[in-house]
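The figures that follow rest on heavy atoms only: side chains count, while hydrogens, waters and symmetry mates do not. The structure displayed is predicted, hence computed values, not measured ones.
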Amino acid sequence: MNQTVKKAKQKKGKVVSLIRKSNNLIEAKYNFDVWEMRLFLMLISQIRRDDQDFGTYRIYYRDVAKTFGLNLKRGYAEIRESAKSLLDKKFYVDTVVDGFQRQDIYHIIRKINVLKEGQEGKAGIENQEYIDVKIEDEMKPLLLQLQKSFTTYDFANITNLGLYAIRVYELLKQYESIGHRTLGFDEMKKMFELEDKYPLFANFFAKVINPSVKEINKYTDLYVTKMEQIKEGKRIVAIRFDFKVQKQLKEPLEIPEAPQVLIEFPITKMQNEGVQPADSVNNDRFAKLYPKVVETLGVTPSVFIDLIKVYTDEQFEQAIRVTHRAKIEGLIKTNISGFFVQALKNNYTDQKEERLKKEKKEDVRKRHKELLAALEIEKQDRIFDRIKELTSLNPAITNEAIETLKFTDAGKKAIEIEEQKLNRKLEVEDFRQIKVLRSLVIDTIFIKNIASFSDILKDYEAQVTKIKQ
């Protein structure tokens, strides 16, 4: 019996398509690259709320390119390879049975049908540039007939997000009605399969969390208003995210055959009107700046294309703001577009821009200070853990450090004060129990065995250099 193939249909305008996932799936451990993630989400966006079984789902290359607003360098071949790699991917879902931890391991894709290689350039090939996908039936509890413990969101929210931003967005979306969620550092690394990367919290935050939150705030219906680092002792163990909904999710349009979401991006509208970005111009930049500069300020498309090759987004945004304020204050009588071009080329500024620059510089300084403080805590924790390893392997190291302390000015003074308090000579255990003495012993062990900490110090210096760049 032939399987019903659910195809993406071409529609004008925006079709709202929902992603529905079991919360167990959102919190599962897995590791996709960004195109594996995007294909998987396009796949499940075709599942209807009332589906009893999985169909065979069809994804066209042209729809992938349109949905994500870009051209893939290798065209169909790139999504074909991503589909093939999905065949080998698995989800790992933790469970607890009678007090014992167990794990369900799901194979995701049962079968794919792809266009074979070596046929590029043949007439009519664009109609064959699709992938048919069959999902494993074992995945039904995670994707079909969801009645409780599931999360829904508009597919359009994630089309501009990177890999980790999608994961963080889904984890926050689960708690949309609450408005905050605390996620453990180790918990997130496990879910993202990053246990062997980013040993320092500061590095994980800088490379994964902070960029993800920026993308979420810019492109989705959620807006993270605050991130609070939670500590156990000196170690940062979790982040609390406070967030709000910044726009209402629309109800999905009921369209037969569960058509795939097709989104009208600004770049598509421009191309339909005959305006094409130059080959050297990034489509995302073009789409973002075109409405502000051409449609709002009246700069001609040809001048806009010349300018976008030369000036940065930050320079464009400053010139746009300065032009708008000059217009409001009556400083521009007629030629708004001409004023903007001069503002961009000559780096026009005003009092508010200077204040914004000062505030931005201060924000950067504060952020650097926070990251450096977190990095220092991570370094001290690693040093302390290394000292425990060294002393467990060779207990004599502690005794040697105590003897060394007796001949230093700081050590002699601290020992004298503590002996007067106790009215007796100090014993080895006192150097473990008394905080000031324990701290001096740790510092002495570190100094006397500095070579044993070279890798920690090297990592620390490298991370400090990155932060200060």
Is the backbone of [Y] close enough, under 3.5 Å, to the side chain of [X] for a donor and an acceptor to pair up by distance?
X    : Y    : result
Q229 : I239 : no
T225 : D242 : yes
D221 : Q246 : no
T296 : V293 : no

Using 0.5 Å steps for rounding, measure from the [atom1] atom of [X] to the [atom2] atom of [Y].
X    : Y    : atom1 : atom2 : result
K140 : D53  : NZ    : CG    : 3.5 Å
L161 : I166 : CG    : CD1   : 5.5 Å
M188 : F205 : CE    : CZ    : 9.5 Å
Q318 : D313 : CD    : CG    : 13.0 Å
T159 : M42  : OG1   : CE    : 10.0 Å
Q463 : K458 : CD    : NZ    : 12.5 Å

All ring-ring contact (aromatic ring centres under 6.0 Å, His included) counterparts of [X], not counting sequence neighbours:
X    : answer
F304 : F286, Y290
F241 : none
Y130 : Y60
F91  : Y30, F32, F40

Side chain to side chain contact (heavy atoms under 4.5 Å, CB included) between N203 and V208: does it pass, once the steps are laid out? CA-CA 8 Å; N203 201 359; V208 177; over 6 Å; no
Taking the side chain as everything from C-beta on, heavy atoms only, tell me whether [X] gets closer than 4.5 Å to [Y].
X    : Y    : value
L43  : I109 : yes
I336 : K327 : yes
K231 : R235 : no
R240 : I230 : yes
Y198 : L200 : no
E317 : K292 : yes
L142 : K21  : no

If the plane angle is over 60° it's perpendicular, under 30° parallel, otherwise tilted; pick one for Y169 and Y153. perpendicular
CA sep, side-chain torsions, deciding dist, call: K218, E215, salt bridge (Lys or Arg N to Asp or Glu O under 4.0 Å): CA-CA 5 Å; K218 185 174 182 180; E215 291 180 27; over 6 Å; no
Are any of the side-chain nitrogens in [X] or [Y] under 4.0 Å away from the carboxylate oxygens of its partner?
X    : Y    : answer
D132 : R58  : yes
E129 : R80  : no
R367 : E370 : yes

Yes or no on side-chain hydrogen bond (donor to acceptor under 3.5 Å, both in side chains) for E126 and Y61, after CA distance, side-chain angles and deciding distance? CA-CA 8 Å; E126 63 275 5; Y61 160 65; over 6 Å; no
Trace of the side chain to side chain contact (heavy atoms under 4.5 Å, CB included) decision for K134 with I112: CA-CA 6 Å; K134 178 67 176 177; I112 64 171; over 6 Å; no
In a table with atom names and distances, give each donor-acceptor pair under 3.5 Å that connects a side chain of residues 175-182 to protein atoms at least two apart or in another chain.
| unit_1 | atom_1 | unit_2 | atom_2 | d |
| --- | --- | --- | --- | --- |
| E176 | OE1 | K173 | NZ | 3.0 |
| R181 | NH1 | L171 | O | 2.7 |
| R181 | NH1 | Q174 | OE1 | 2.8 |
| R181 | NH2 | E27 | OE2 | 2.7 |

Taking it one step at a time, do N157 and Y219 satisfy side chain to side chain contact (heavy atoms under 4.5 Å, CB included)? CA-CA 6 Å; N157 281 307; Y219 295 116; over 6 Å; no
Can you list every ring-ring contact (aromatic ring centres under 6.0 Å, His included) pair that touches residues 220-239, not counting sequence neighbours? none
Take I377 and I236 through the side chain to side chain contact (heavy atoms under 4.5 Å, CB included) test and state the conclusion after the steps. CA-CA 9 Å; I377 291 170; I236 298 171; 5.5 Å; no
Considering all heavy atoms of both residues, which atom of T323 and which atom of F340 are nearest to each other, and what is their separation? OG1-CA, 3.4 Å
